[in-house]
Novice: 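Have a look at this one.
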Amino acid sequence: MNIEATLQQHISKAIETLYGTAVEAESIKLETTKQDFEGDYTFVVFPYLRASKKNPEQTANDIGNYLKDTCDDVADYNVVKGFLNLVVAENYWVNTFYNHIAPNKEFGKTTTGQGHKVMVEYSSPNTNKPLHLGHVRNNLLGFSLSQILEFNSYEVVKANLINDRGIHICKSMLAWQKFGNGETPESSGLKGDHLVGKYYVEFDKHNKEQIKELIAKGITEEEAAKNTPLLKEAQEMLLKWEAGDEEVKNLWQTMNGWVYAGFDATYKRLGVSFDKFYYESQTYLLGKEIVQEGLDKKVFYREEDSSVWIDLTDENLDKKLLLRRDGTSVYMTQDLGTADKKFEEYGCDKSVYVVGNEQEYHFKVLFSILKKMGKSYADGLYHLSYGMVDLPEGKMKSREGTVVDADDLMDEMHNTARELTLELGKIDGFNEVEQVELFETLGLGALKYFLLRVDPMKRLVFNPKESIDFAGNTGPFIQYTHARINSLLKNVSESGFETGTAAPHTVLPHERDIIVWLTKFPKTVEDAGREYNPAIIANYTYELAKLYNRFYRESPVNKEPDENLKAFRVILTQTTGQVLNKSLALLGIKAPERM
RNA sequence: GGACUCGUGGCUUAAUGGAUAUAGCACCUGACUACGGAUCAGGAGGUUGGGGGUUCGAAUCCCUCCGGGUCCA
């Protein structure tokens with residue numbers, strides 16, 4: 001049993017014995033003691049004064065005394081106002097460390113998700129342009145969350161719903177047809193997604209000229225924007241696509257193929273992956289059956305003009321259109337159908353959508369509709385919302401060319417890592433291939449950690465030139481700590497030292513700090529899973545790395561003459577390395593063996 | 001018009017309603033004959049956007065106003 005549960009039970013018993021009031025052990029709240037006070041856990045007695053009928057100090061002292069007498073794990077206590085600080089016996093920590101943490105290769109793994117299946121949908125790009133910084137945040141969150149859920153024993157299906165149809169794709173196609181001269185990724189040397197994105201920009205450029213021409217003829221700007229020859233042609237192309245026109249479909253398939261090849265490369269470099277791809281071209285007609293189902297269940301209603309709606313005003317949401325009067329569906333209809341299809345195919349009892357916060361309203365409505373329809377999976381739906389990523393100059397806008405391209409960004413991170421590493425002269429003994437690999441690991445580690453450590457809900461200002469630092473609370477700091485641990489362990493094993501002789505003994509305060517922090521790992525992982533928040537793991541990992549660095553400075557391992565103590569420190573180092581490695585993996589960050 | 005969300009030292013950031021608000025960057029002072037200094041020890045820097053309220057206790061909950069962002073019709 002873990003220490004928190006033990007303390008809860010004893011406190012519950014103390015209150016019952018001392019004051020005759022029964023309190024459920026699980027309802028007792030424990031907090032970790034603040035840094036400046038002595039102790040490991042703090043019990044706040046204010047809520048129990050009614051039971052004790054004594055002042056806070058007395059109550060805390062009573063309970064503290066009782067615990068010290070009856071609970072072997074409580075070594076001491078102190079009272080500050082209504083705060084009862086409990087000092088857990090060093091023996092407990094050392095024994096827990098030797099018996100449960102160190103020997104457990106899967107330390108931190110929880111069983112919370114056993115028997116549950118969860119789908120995590122993330123990335124969801126459009127096929128008319130390459131991935132940008134916003135997608136990067138999305139991909140990292142989605143992938144990290146999947147890793148965390150898996151470590152909590154969920155069966156995870158990573159899904160990507162690709163928006164591969166619509167007017168925007170037709171714009172790229174049309175511009176390529178008109179101005180492309182048969183250019184291909186091979187002939188141009190451009191990555192497929194960048195090539196297609198180039199023609200999307202090209203479309204916009206020519207379209208703008210046409211708007212100007214129309215305005216010059218005296219048409220209002222608003223009207224002109226809707227009526228350029230190019231736009232009309234793109235709309236016709238979309239109609240042809242919907243009608244199954246062979247030529248259009250062929251071009252569409254070719255260009256999407258280029259884009260997918262490009263996306264694959266970007267995903268691979270980012271280190272994210274998917275188990276299932278959905279394509280909007282195959283899902284955009286879904287949902288019409290659901291409309292009928294909703295009408296039958298009287299959840300939806302039909303207006304006089306034969307359009308179909310749902311009234312959600314009772315939930316502080318509006319009325320929402322589900323089927324236009326001409327019988328065509330809207331985004332919501334399609335998402336309803338897709339949700340059903342996903343459930344039919346995989347039977348997940350949980351489903352997470354990683355989508356930007358501008359769609360919060362959409363998902364509230366979507367989930368609310370599914371609940372009203374009594375779908376069995378409705379309660380497990382969750383929108384992992386995250387803030388937009390902005391640039392110092394303001395919002396990213398693809399038309400104005402102010403987006404940060406994902407591939408360019410990764411290049412930049414790689415180069416920054418190289419410059420810094422060379423400056424520090426850290427590459428002795430690395431051949432060229434290893435060097436390149438290291439720069440990549442560090443650059444991407446910095447990027448991933450930077451984007452994941454911030455609460456997803458908060459919007460992020462990304463300054464490509466300055467915002468990524470390799471010192472302090474950063475990925476490379478943690479990677480460095482891991483590499484140093486590895487190197488230390490290597491030295492130890494080369495010297496032929498065996499750790500088998502370790503036995504319990506006293507530990508130094510900072511060694512104790514590490515052990516205490518290690519015991520919090522499972523709880524942290526679980527919290528991150530429940531809150532859908534990789535930032536919790538990121539902050540945990542940083543704290544652990546910091547504690548280890550302090551330990552490292554103050555407790556020499558190789559120079560330790562006492563064999564037993566040395567063995568302890570080696571095991572502590574090994575264990576810390578394992579946990580660092582694991583928590584970095586949960587974030588999708590590589591832990592380099594050396595650097 | 002209605003709804004959502006964010007606001008914490010110069011910048012970035014943490015805090016299941018709990019104590020003197022957590023860290024990092026930058027700044028200042030110290031520690032390299034080193035188990036890897038991409039490190040460590042220490043210092044300075046705050047009326048948690050403003051004002052009310054609930055509470056023994058509020059960055060956190062409620063109301064209101066201000067500011068940034070977003071969505072719906």
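Chain A is the first sequence line, chain B the second, and so forth, proteins listed ahead of strands; every chain is numbered from 1.
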Novice: Just to confirm, is there a sub-4.0 Å distance from OP1 or OP2 of B:C32 to any side-chain nitrogen or oxygen of A:R553?
Specialist: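 For A:R553, the contact criterion (side-chain N or O under 4.0 Å from OP1 or OP2 of B:C32) is not met.
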
Novice: For RNA chain B, which residues in residues 475-485 of chain A have a heavy atom at a distance below 4.0 Å?
Specialist: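 Residues of residues 475-485 of chain A that come under 4.0 Å of RNA chain B are, in numerical order, A:F477, A:Y480, A:A483, A:R484.
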
Novice: A:G472 or A:S555: which one's nearest nucleotide on RNA chain B is closer to the 5' end?
Specialist: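 Per heavy-atom nearest nucleotide, the more 5' residue is A:G472.
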
Novice: Not counting sequence neighbours, which residues clear side chain to side chain donor-acceptor pair (under 3.5 Å) with A:E511? List them please.
Specialist: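 A:S555, A:R569.
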
Novice: Under 4.0 Å: is that the gap between some side-chain N or O of A:R550 and OP1 or OP2 of B:A41?
Specialist: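 Yes, because at least one side-chain N or O of A:R550 sits under 4.0 Å from OP1 or OP2 of B:A41.
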
Novice: For nucleotides 58-62 of chain B, list the nitrogen or oxygen atoms of the protein found under 3.5 Å from its nitrogen or oxygen atoms, one pair per line.
Specialist:
none

Novice: Does any pair with a residue in residues 575-587 of chain A pass side-chain hydrogen bond (donor to acceptor under 3.5 Å, both in side chains), and if so which ones, sequence neighbours excluded?
Specialist: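 Checked against side-chain hydrogen bond (donor to acceptor under 3.5 Å, both in side chains) - neighbours excluded - the pairs reaching residues 575-587 of chain A are A:T541-A:S583.
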
Novice: Please name all residues satisfying ring pair (Phe, Tyr, Trp, His ring centres under 6.0 Å) with A:Y19, sequence neighbours left out, ordered by chain then number.
Specialist: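 None.
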
Novice: Among residues 32-43 of chain A, which ones have heavy-atom contacts with RNA chain B below 4.0 Å?
Specialist: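 Residues of residues 32-43 of chain A that come under 4.0 Å of RNA chain B are, in numerical order, A:T33, A:K34, A:Q35, A:D36, A:F37, A:T42.
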
Novice: Polar pairs (N or O, both sides) under 3.5 Å between protein and nucleotides 71-73 of chain B?
Specialist:
residue	atom	partner	partner atom	Å
B:C72	O2'	A:D318	OD2	3.0

Novice: Could you tell me which residues satisfy side chain to side chain contact (heavy atoms under 4.5 Å, CB included) with A:D36, sequence neighbours excluded, listed by chain and number?
Specialist: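 Here no residue qualifies.
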
Novice: Rounding to an integer number of angstrom, what distance separates B:C11 and B:C71 when you compare their P atoms?
Specialist: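 So the two P atoms sit 27 Å from each other.
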
Novice: Please enumerate all residues that pass ring pair (Phe, Tyr, Trp, His ring centres under 6.0 Å) together with A:F477, with sequence neighbours excluded.
Specialist: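 Scan of A:F477 (ring pair (Phe, Tyr, Trp, His ring centres under 6.0 Å), adjacent residues dropped) gives A:Y542.
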
Novice: Dump the pairs, protein N or O against N or O of nucleotides 7-12 of chain B, anything under 3.5 Å, distances to one decimal.
Specialist:
residue	atom	partner	partner atom	Å
B:G7	OP1	A:K458	NZ	3.3

Novice: Checking A:Y532 now: which residues fulfil ring pair (Phe, Tyr, Trp, His ring centres under 6.0 Å) with it, not counting sequence neighbours?
Specialist: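 Expected list: A:Y382.
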
Novice: Dot-bracket for RNA chain B, please. Rules: Watson-Crick or G-U, both distances under 3.5 Å, ( ) within the strand, [ ] when a pair crosses earlier ones, | for another strand, . otherwise.
Specialist: (((((((..(((.....[....))).(((((.......))))).....(((((..]....)))))))))))).

